[in-house]
Amino acid sequence: MADIVSVSHALVAQMAAIIYPDGKGKSSITGRPTKIFRGWITQADYEGADCTLRRGVDFVTVIDLQGGWRRIDEPLGRPWRQGETIPPTVNLAVKGTIATVTVQVDATPAGIVGLRIRSNSAAIEDRAVAAYAVQATDTASTIAAALAAQIPNATASGATVSVPDATTIEAAVTGYSNAVRIARRQQQLFQVTIWSASPDARDALGTALNDGMAFIDFLTDASGSTFQIESRGDWNSDTAQNNGIYMRPCRYIATYDTDARSTMAQMLFHSAGLTPHGGGTVTVGDSRVLAVTPTITE
């Protein structure tokens with residue numbers, strides 16, 4: 001999820017990529033040593049022992065500006081968008097009225113398992129379903145026991161579930177999906193400041209950064225959130241030249257989203273209840289979810 005911190009770091013990384021196109025182990029684009037970081041220069045950066053302005057080192061700093069924030073309208077209703085799927089690591093194999101649970105080798109148990117029961121028995125209504133959300137600490141035996149515990153007269157033995165009152169049973173296995181929606185959309189003004197003890201070096205670095213950012217409309221932060229970046233102008237400031245400091249502030253406005261993220265279960269079974277005029281409910285699809293506790297044998 002993007003915020004002023006992650007956007008600042010993304011800007012620092014982009015400035016470093018422009019200034020050191022071949023990596024920080026090689027020369028900068030201006031041929032001068034340049035330090036790039038989030039924040040502001042200190043007295044030590046100006047006159048310290050090493051890597052300072054007085055010793056021919058240039059600086060590029062990135063800060064977010066107070067008063068530079070405003071809210072932007074987000075999509076109506078803030079709808080969820082489904083992302084990548086998290087597949088299950090468990091499986092159910094059915095033969096007749098017996099289901100067998102397996103867990104992928106060397107995988108953490110995950111997913112949702114269920115049984116749809118076809119029955120002519122009064123003990124279980126036709127198309128009733130049993131479902132269980134697998135936990136990371138589960139085994140094939142505990143998953144089987146959890147399913148059997150919901151079904152009248154069913155028994156679990158090891159990794160198998162037996163449903164004697166069913167005519168047939170059908171297995172269903174599914175996983176989860178990551179989902180994201182926009183909680184808030186905003187713009188924030190950032191300032192990238194070039195500092196140098198040489199006006200010529202300041203100008204060369206400013207030109208290089210402006211050229212490097214000219215065709216960049218979007219950046220991505222470390223969390224994977226993409227945001228829009230737009231230039232808001234730059235200017236030379238020589239007000240501190242009596243102290244041997246030449247500056248060029250460059251301003252950029254970032255438009256980014258604050259996201260809400262969740263993990264959602266994929267659909268395992270489906271049903272709908274219809275109540276026509278005159279009363280009575282008609283169920284379409286699967287029947288109710290069972291939740292009774294029978295005898296379990298190991």
Would Met15 and Phe227 show up in the same hydrophobic cluster when neighbours are defined by side-chain heavy atoms closer than 4.5 Å? yes
Classify the side-chain pair Asp234/Asn210 by whether it contains a donor and acceptor separated by less than 3.5 Å. yes
With a 3.5 Å distance limit and no angle check, can you tell me whether Ser28 reaches the backbone of Gly31 through a side-chain donor-acceptor pair? yes
Would you tell me whether Glu84 and Asn178 have side-chain atoms, one donor and one acceptor, within less than 3.5 Å of each other? yes
Contacts table for residues 87-113: side-chain donor-acceptor under 3.5 angstrom, sequence neighbours left out:
unit_1	atom_1	unit_2	atom_2	d
Thr89	OG1	Thr108	O	2.7
Thr89	OG1	Ala110	N	2.9

So which atom in Ser237 and which in Arg202 form the shortest heavy-atom distance, rounded to 0.1 Å? O-NH1, 3.8 Å
Is there a path of hydrophobic side-chain contacts, each under 4.5 Å between heavy atoms of I, L, V, M, F, W or Y residues, that connects Trp80 with Ile86? no
Distance (rounded to the nearest 0.5 Å) between Asp203 CG and Thr30 OG1: 12.0 Å
Given the rule that I, L, V, M, F, W and Y join up when any side-chain heavy atoms are under 4.5 Å apart, are Ile19 and Ile216 in one cluster? yes
Search all heavy atoms of Ala44 against all heavy atoms of Thr52 and return the closest pair with its distance. O-CG2, 3.3 Å
Chi angles and distances behind the side chain to side chain contact (heavy atoms under 4.5 Å, CB included) call for Gln14, Met213: CA-CA 9 Å; Gln14 181 58 40; Met213 292 294 291; 3.7 Å; yes
Counterpart residues, side-chain contact (heavy atoms from CB on, under 4.5 Å), relative to Asp257 (two or more places apart): Ile182, Arg185, Asp259
Note: Arg118-Asp126 ion pair, threshold 4.0 Å (strictly below): yes
Would Ile29 and Leu209 count as a side chain to side chain contact (heavy atoms under 4.5 Å, CB included) here? Give the steps. CA-CA 10 Å; Ile29 199 168; Leu209 287 183; over 6 Å; no
Going by distance alone, is a donor N or O of one side chain under 3.5 Å from an acceptor N or O of the other, for Asp200 and Ser198? no
Side-chain donor/acceptor of Gln135 to backbone N/O of Ala133, under 3.5 Å: yes
With a cut-off of 3.5 Å and sequence neighbours excluded, list every side-chain donor-acceptor pair involving residues 244-256.
unit_1	atom_1	unit_2	atom_2	d
Arg248	NE	Asn236	OD1	2.8
Arg248	NH2	Asn236	OD1	3.3
Arg251	NE	Gln191	OE1	2.9
Arg251	NH2	Gln191	OE1	3.1
Thr255	OG1	Gln187	NE2	3.1

Assess the residue pair Asp73 and Arg184 against the criterion (salt bridge (charged side-chain N to carboxylate O under 4.0 Å, His left out)); give the C-alpha distance rounded to whole Å, side-chain angles, the decisive distance to 0.1 Å, and a yes or no. CA-CA 8 Å; Asp73 290 339; Arg184 186 178 66 239; over 6 Å; no
Exercise: do Thr167 and Ser119 side chains pair donor with acceptor under 3.5 Å: no
Find out if a path of hydrophobic residues (ILVMFWY) with successive side-chain heavy-atom gaps under 4.5 Å connects Leu205 to Val62. yes
Is there a donor in the side chain of Ser141 and an acceptor in the side chain of Thr139, or the other way round, less than 3.5 Å apart? no
Are Tyr46 and Trp40 grouped together when hydrophobic residues (ILVMFWY) are joined by side-chain heavy atoms under 4.5 angstrom apart? yes
Can you tell which of Asp45, Ile41, Asn243 makes a side-chain contact (heavy atoms from CB on, under 4.5 Å) with Leu53? Ile41
